[in-house]
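Numbering of residues begins at 1 and proceeds along the displayed sequence. Worth knowing before you read on, the calculation uses all heavy atoms, side chains too, and leaves out hydrogens, waters and symmetry mates.
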Amino acid sequence: MNKKSICLFIITWFCAGVGLARPFTLTSPNGRLTATIEEGSPITLSIQLDNQLLMAPSAIGLTLADGKQIEGNGKMGFGTKRTIEETIQAPFYRQRQYSTVCNELNLRMRGGFGIVVRAYDEGITYRFYTTRKGETIIKDEIAHYDFHTAQLAWLAYSTNENNPYAMAFQNTYHMTALDTAKALPAFLPVTLDCNIAKVTLLESDLRQYPGMFVKANAQGLNATFAPYPKKMAYYQWRGMSYVAETEDFIAKSTGKRSYPWRIFAVTERDTEMPTNNMVYSLAEPNKIGDTSWIKPGKVAWDWWNDWNLKGVDFEAGINVPTYQYYIDFAAKNHLEYIVLDEGWYNSNKGDIMNPIPSIDLPRLIAYGKEKGVDIVLWTVFNVLDEHLDAACKKYADMGIKGFKVDFLDRNDQTAVEMAERIANHCAKYHLMLDYHGYFSPTGLSRTYPNVVNYEGVFGMEECRWAKKTTDMPKYDVTFPFIRLMAGQVDFTPGAMRNGTRWNWVECYQNPVSMGTRCHQAACYVVHDSPFTMLCDAPTNYEREPEYTSFIASIPVEWDETLVLQGEIGQYIVTARRKGNDWYIGGQTNWDVRPINLTFSFLDNVEYSATLMADGINANHNAEDYKIKSLTVNRNTVLPINLASGGGFVMKLKRKVLGDL
């Protein structure tokens, strides 16, 4: 990382009389966003865009174990302002590198605490810190964000009403006015429509601290946090741990530390949302050094299709012949990995160190090596953590390339610490990680780039048990605007059985996606997903080799990402560049939608294009699609008709001189 910090000025205040409220302001580099911190008990933060209020003065702070709040009531005694310019290297992110600039204000308070505020053109962020020695216990964090002028909010509520802090962070977004929102906590990210712009609340550099939830009311959002675990217990099923008893505080630590960044990403156009980089920018930089051993890629996956091979001469299931077939399919289609999902070890006993008898793991690893296909193993979070060094050493020595880690299902401080501990230890053994059953990312993949993907999304697995009232196509064109702001997503696309709004059926053992085949294909471009699945059975793909080859050839690493068109909850069109070539993917909700695709982002040369789009009968048969070739340039206007729940994918290859 190249970093250039320019100190603007240092400002010193001697303590004024108690009760004197002094405002400290900070403006973004383009002068449009302003954050104002005002002394008091508690401190308040407000945000303006072009002198118009986005967030009214809002109480922020920390409550300590003795019940006292850190506060700035005449006690802010030293401050610095500076401009920070960075060029950030971003392996496996939505672009390889990018530049940022912000203005920063650092205010110290008595008692060994302080607050840092940063203003980017893309948003405002703050974090508390302490310079105290010894143990610091945070009883609660104060965050009463006043958005009383907001028109709408997009909230993903906890799915556990009895214990809202224990769930998988998978729910659709509820679009609501704040005063009619449910009383349930919602997990981040959360987006609000504040008339002049949208504000999305996120967090970054979450370490040794619980993740934030919010409860909505007519005034705005109030933060709430999972208490610190006091006693753990185990479910017999999967050997999964859970919090059985909690402390009366949320976090504890020793010595100096910074607390998580609280981010208010500000976007005036919906198309700006999926490419906001503040979460990644604010995370601690790479701690593992060399990343050349980390190989993102596509996966021939077993679980979603229920090991549902057909026309083979062996009994499909969790056994060597089945996985050899998956490896053969992966090799034929140049997929880098297969995943052995739940079942390769006895998960009810938590016996990660011993595969079941029908899995000859050394044999499968050797077979994969011959074919150029590597293996990733599924496991439960705490099971891996409890065998961390032994499991890492055993499976790395055998040639396993990583773990798909599942069922964390909480974000209290000890869960956050477990995720970082696993990431750090696996990096030492050159093992990649796909964090499933996990909260929305908070920048950990910048700190530990071996964490290549995260769930925290209402993904394709939901189609195995969804109801007809579930609106997946609407969600599919909602979450990219909100959830992708936090980071990459393990949505697990690729369904080969596709249903329209009217003929979709629930089927656990032979699942069906909602929306068209091209809607599925577009996921590979719309999503930030450097480790992504082909979720259906190999034998289903093999019946349609042209389609399979098309989606298998879409890259998972990108040099540049643009969102060309879109509106939250309606549709999205995303373009990504890999070298000189471009890939464009578009999706719509259940509405039939004609669009005009323009190409002004291209260089001034011609491109050979391949378009896969909904077929003329896709509104009746969601599996209908058509592929055609054409030539485009930056002046082309291409009409495309998206079927109900439809989509398209387009590949553009820059013509060389001899092709013109």
Side-chain angles (χ1 to χ4, degrees), residues 33 35 44-49 53-61 115 117-120 122-128 141-158 164 169 171 173-178 181-182 184-206 209-226 259-268 270 272-274 276-283 411 439-443 456-457 478-487 568:
L33 278 173
T44 64
L45 168 69
S46 61
I47 301 172
Q48 291 183 320
L49 173 64
L53 196 64
L54 282 177
M55 185 175 79
S58 301
I60 59 173
I115 184 172
V117 185
R118 288 185 178 179
Y120 293 81
E122 300 82 14
I124 300 294
T125 184
Y126 73 91
R127 78 187 312 176
F128 292 103
E141 180 176 340
I142 303 163
H144 304 312
Y145 301 134
D146 188 342
F147 287 103
H148 67 270
T149 61
Q151 288 184 324
L152 290 172
W154 285 262
L155 305 170
Y157 298 112
S158 170
F169 302 89
N171 203 354
Y173 288 97
H174 182 213
M175 187 176 71
T176 178
L178 286 173
K182 297 179 182 179
L184 282 169
F187 51 88
L188 302 189
V190 165
T191 294
L192 301 107
D193 187 342
C194 297
N195 302 308
I196 58 172
K198 288 186 174 72
V199 177
T200 301
L201 178 61
L202 305 115
E203 57 187 341
S204 183
D205 211 27
L206 177 66
Y209 204 83
M212 180 185 280
F213 291 78
V214 292
K215 288 184 177 179
N217 58 38
Q219 287 299 114
L221 304 172
N222 294 323
T224 180
F225 300 85
Y259 298 100
W261 288 105
R262 307 295 174 215
I263 300 171
F264 304 91
V266 179
T267 47
E268 295 176 274
D270 289 359
E272 299 169 351
M273 297 173 71
N276 185 289
N277 295 320
M278 290 186 69
V279 170
Y280 194 92
S281 300
L282 289 161
N411 68 349
F439 51 89
S440 296
T442 58
V457 67
T478 300
F479 86 79
F481 295 96
I482 302 173
R483 166 61 178 79
L484 287 187
M485 297 177 80
I568 187 170

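When all heavy atoms are compared, the tightest approach of G211 to F225 is O-CD2, 3.4 Å. Counting all heavy atoms, side chain and backbone alike, R483 lies closest to G456 at NE-O, 2.9 Å. Residue T200 comes nearest to P189 through the heavy atom pair CG2-CB, 3.9 Å, listed as atom of the first residue, atom of the second, then distance. Residues P164 and F213 share a closest heavy-atom pair of O-CE2, 3.9 Å. Across all non-hydrogen atoms, the minimal contact from N171 to F187 is N-CZ, 3.9 Å. Contact detail for A181 and T176: the closest heavy-atom pair is N-OG1, 3.6 Å.
A distance-only check finds no donor-acceptor pair linking the side chain of S46 to the backbone of M55 [under 3.5 Å]. With hydrogens and angles ignored, the 3.5 Å screen pairs no side-chain donor or acceptor of D270 with any backbone N or O of F481.
Y157 pairs in a side chain to side chain donor-acceptor pair (under 3.5 Å) with only one of the listed residues (H174, K182, K215), which is H174. For the side chain to side chain contact (heavy atoms under 4.5 Å, CB included) with F264, the lone residue among L33, L45, L54 that qualifies is L45.
For the atom pair D146 CG and S58 OG, the distance stands at 5.0 Å (nearest 0.5 Å). Of the inter-residue distances, the one linking L188 atom CG with F169 atom CZ reads 9.5 Å to the nearest 0.5 angstrom. A distance of 8.5 Å separates CG in D205 from CH2 in W261, rounded to the nearest 0.5 Å. Separating the CD atom in Q151 from the NZ atom in K198 is a distance of 9.0 Å, to the nearest 0.5 Å. Note that CD1 of I60 and OG1 of T44 are 7.5 Å apart. Values are rounded to the nearest 0.5 Å. The CE atom of M278 sits 9.0 Å away from atom OG of S204, with the distance rounded to the nearest 0.5 Å.
Side-chain contact annotation: Y209 with E141, donor-acceptor N/O pair under 3.5 Å present.
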### Query
So L49 and E268, side chain to side chain contact (heavy atoms under 4.5 Å, CB included) or not? Walk me through it.
CA-CA 10 Å; L49 173 64; E268 295 176 274; 4.2 Å; yes
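The side-chain heavy atoms of M212 and L201, taken from C-beta on, include a pair separated by under 4.5 Å. For the pair R127 and Y259, the minimum side-chain heavy-atom distance is 4.5 Å or more. At least one side-chain heavy atom of V199 sits less than 4.5 Å from a side-chain heavy atom of F147. You'll find the side chain of L221 reaches within 4.5 Å of the side chain of L192, heavy atoms only. Using a 4.5 Å heavy-atom cutoff, the side chains of L282 and R118 are in contact.
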